Amino acid sequence: MRIATWNVNSVRTRLEQVLAWLEQERPDVLCLQETKVADDLFPLAAFEALGYAVAISGQKAYNGVAILSTLPIEDVQVGFTALLPEDPEAQGLSEQKRVISAWIDGVRVLNLYVPNGSALKSEKYPYKLAWLACLQRYLDVLTEQGEPLCVVGDFNIGLEDRDLHDPARLSGGIMASEPERQALRQLLAERLVDAFRLFEPEAGHWSWWDYRSGGWERDRGWRIDHIYLDDELQAQATGCVIHKQLRGNVQPSDHAPVVVNLAWPPDADGDDDTAAE
C-alpha cells in the first residue's frame, strides 16, 4: 500500500502535473493540501478517469484538502467537529478547510493542512497554536478508537534543526519556533512516528522550497511535509521517499510529494511460514 501526501498549491493550476505523476507512480492513496477550490468546482472527473475515488473538503481560493484513492473510501470525516462535536473551539477552527480523514483498506488516513502562522507577531500565530491544541484533542479521541492510523500532510513546522537548510538562522522563527515544535511533539507523543526518519536520519532532505529568494535553485528548503504512522503501521513500513524532482517542473507547486510504502495488509500467514522453517 503506497500512501502519498502533496501540497499542490491549487489543484486546478497544477492539475496536469498531478495527473502525470499519478499515471507514472500510481500510489494507492494521494492526500492533497491547499487545493484552493470550492467543492463544486473540484476537477473530480479527471481523477476518476484514472481510477481514483475522491473525498474533498474545499473552499474558494484558500486551504482545502482532498483524499484520492484507488481503493474504496469509507467513513469520510471532515473537520475537527466530526470527533469533537462538543468542543468549544472545534467549530470555529473547522471553518477553514484543513482536516479530512477516511477509512481505506483497514487504515484510518488523516489528511491535514496545518496553518502557516505567518509571523510570530501575527494574529495568525496564536491561531496556529490553538489549531494544534485542538488537533491534539482530536487525535486523543481518534487513537482511542484503536484503528490503524496514518497521519499525513503539510505541517508547516520544521520539527528539528536537521529539517531546516539554515537552522542557525531559522530556528526560533515562524515554522520553527519552540511553541510550534513543542505542540507538534505533544500531539505526536508516543503514538505516532515520522515515517521518513525511520529510513533517513540525515539532514539535507527537503519537501518545500520557497518561491522567493531562489529557494529551489539554491536548494534552500525545509522538510515540513510529513507522514506519521502508529506502531502497527510503523512495523509494516518498507520505505519513505520525497519526490524532489517535481519541484523542478515548470510552474511547480512549492512542495514535493512524499510517499510511504507499507506492507499492508499484513500477511496473515507470516507466522505460519516462520514456524515451518
Side-chain angles (χ1 to χ4, degrees), residues 3-11 29-44 47 52-69 72-104 107-118 123-157 180 183-184 186-189 191-192 224-228 230 255:
I3 301 175
T5 180
W6 192 2
N7 179 325
V8 289
N9 194 7
S10 175
V11 67
V29 180
L30 172 59
C31 294
L32 302 177
Q33 304 88 41
E34 214 171 350
T35 54
K36 294 185 176 180
V37 61
D39 290 352
D40 60 337
L41 296 176
F42 190 95
L44 282 171
F47 295 112
Y52 285 87
V54 184
I56 54 178
S57 178
Q59 62 189 98
K60 181 180 179 181
Y62 297 98
N63 307 316
V65 284
I67 299 176
L68 286 58
S69 177
I73 296 178
E74 302 175 287
D75 192 26
V76 175
Q77 299 176 355
V78 173
F80 288 135
T81 53
L83 297 184
L84 300 174
E86 305 301 324
D87 190 295
E89 293 186 307
Q91 184 68 47
L93 293 170
S94 295
E95 290 178 1
Q96 295 185 13
K97 306 305 182 183
R98 297 177 175 274
V99 179
I100 190 170
S101 84
W103 180 252
I104 302 174
V107 176
R108 172 62 59 179
V109 179
L110 173 60
N111 180 18
L112 304 172
Y113 177 41
V114 177
N116 176 276
S118 183
E123 70 280 0
K124 295 179 180 180
Y125 182 68
Y127 177 90
K128 181 177 188 175
L129 296 180
W131 196 95
L132 289 166
C134 192
L135 176 60
Q136 180 170 346
R137 300 192 297 273
Y138 178 95
L139 284 171
D140 288 343
V141 175
L142 187 57
T143 53
E144 285 176 4
Q145 297 176 356
E147 301 172 338
L149 178 61
C150 175
V151 182
V152 312
D154 175 3
F155 281 76
N156 269 313
I157 298 172
E180 293 168 271
L184 181 52
Q186 286 181 199
L187 66 88
L188 296 174
R191 58 186 162 198
L192 292 168
I224 59 175
D225 301 271
H226 304 161
I227 297 177
Y228 292 106
D230 70 0
H255 297 253

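The first residue in the sequence is number 1, and the count goes up from there. Please read all numbers here as calculations on a predicted model, not as lab measurements.
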Considering all heavy atoms of both residues, which atom of [X] and which atom of [Y] are nearest to each other, and what is their separation?
| X | Y | value |
| --- | --- | --- |
| Ile100 | Ser57 | CD1-N, 4.1 Å |
| Ser94 | Lys97 | O-NZ, 3.9 Å |
| Gly79 | Tyr138 | O-CE1, 3.7 Å |
| Cys31 | Val109 | SG-CG1, 3.7 Å |
| Val11 | Pro43 | CG1-CD, 4.0 Å |
| Gln59 | Glu95 | OE1-O, 3.9 Å |

Point to revise | Non-neighbouring partners of Asp39 that pass side-chain contact (heavy atoms from CB on, under 4.5 Å), sequence neighbours left out | key: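 side-chain contact (heavy atoms from CB on, under 4.5 Å) check on Asp39 returns Ile56.
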
If only atom types and distance count, is the side chain of [X] paired as donor or acceptor with the main-chain N or O of [Y] below 3.5 Å?
| X | Y | result |
| --- | --- | --- |
| Asn111 | Leu32 | yes |
| Arg98 | Leu112 | no |
| Glu34 | Asn9 | no |
| Ser10 | Lys36 | no |

Check your understanding: Is the count of non-hydrogen atoms from other residues, nucleotides or ligands lying under 6.0 Å from Gln136 atom CD greater than 12?
Key ->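 Check passes, neighbour count above 12.
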
Review point. Is the number of heavy atoms from other residues, nucleotides or ligands within 6.0 Å of CD (Glu86) greater than 12?
Key: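 Open: at most 12 neighbouring heavy atoms sit under 6.0 Å from CD of Glu86.
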
Point to revise | Pairing residues for Phe42 by the ring-ring contact (aromatic ring centres under 6.0 Å, His included) criterion, not counting sequence neighbours | key: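 Here the qualifying residues are Phe47.
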
Taking the side chain as every heavy atom from C-beta outward, state whether [X] and [Y] have any atom pair closer than 4.5 Å.
| X | Y | value |
| --- | --- | --- |
| Asn156 | Pro115 | no |
| Asp230 | Leu192 | yes |
| Leu187 | Tyr228 | no |
| Tyr113 | Asp154 | yes |
| Arg108 | Ser101 | yes |
| Leu149 | Leu139 | yes |
| Val99 | Trp131 | yes |

Review point. Could Asp140 and Arg191 be called an ion pair, given the rule that one side-chain N must be under 4.0 Å from one carboxylate O?
Key: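 Yes.
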
What distance do [X] atom [atom1] and [Y] atom [atom2] have between them, rounded to the nearest 0.5 Å?
| X | Y | atom1 | atom2 | answer |
| --- | --- | --- | --- | --- |
| Leu110 | Leu83 | CG | CG | 9.0 Å |
| Glu123 | Tyr125 | CD | OH | 14.0 Å |
| His226 | Ile224 | NE2 | CD1 | 7.5 Å |
| Leu93 | Cys134 | CG | SG | 5.0 Å |

Review point. What pairs of residues pass the salt bridge (Lys or Arg N to Asp or Glu O under 4.0 Å) test when at least one of them lies in residues 127-137, not counting sequence neighbours?
Key: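 Every pair satisfying salt bridge (Lys or Arg N to Asp or Glu O under 4.0 Å) with a residue in residues 127-137: Asp87-Arg137, Glu89-Arg137, Lys128-Glu180.
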
Exercise for review: Apply side chain to side chain contact (heavy atoms under 4.5 Å, CB included) to the pair Ile157 and Leu132, showing each step before the final yes or no.
Suggested key: CA-CA 11 Å; Ile157 298 172; Leu132 289 166; 3.9 Å; yes

Point to revise | Verdict with supporting geometry, His255 and Val8, side chain to side chain contact (heavy atoms under 4.5 Å, CB included) | key: CA-CA 7 Å; His255 297 253; Val8 289; over 6 Å; no

Exercise for review: Please determine which of Val54, Leu30, Ile104, Val76 meets the side chain to side chain contact (heavy atoms under 4.5 Å, CB included) test together with Ile67.
Suggested key: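 Only match with Ile67 under side chain to side chain contact (heavy atoms under 4.5 Å, CB included): Ile104.
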
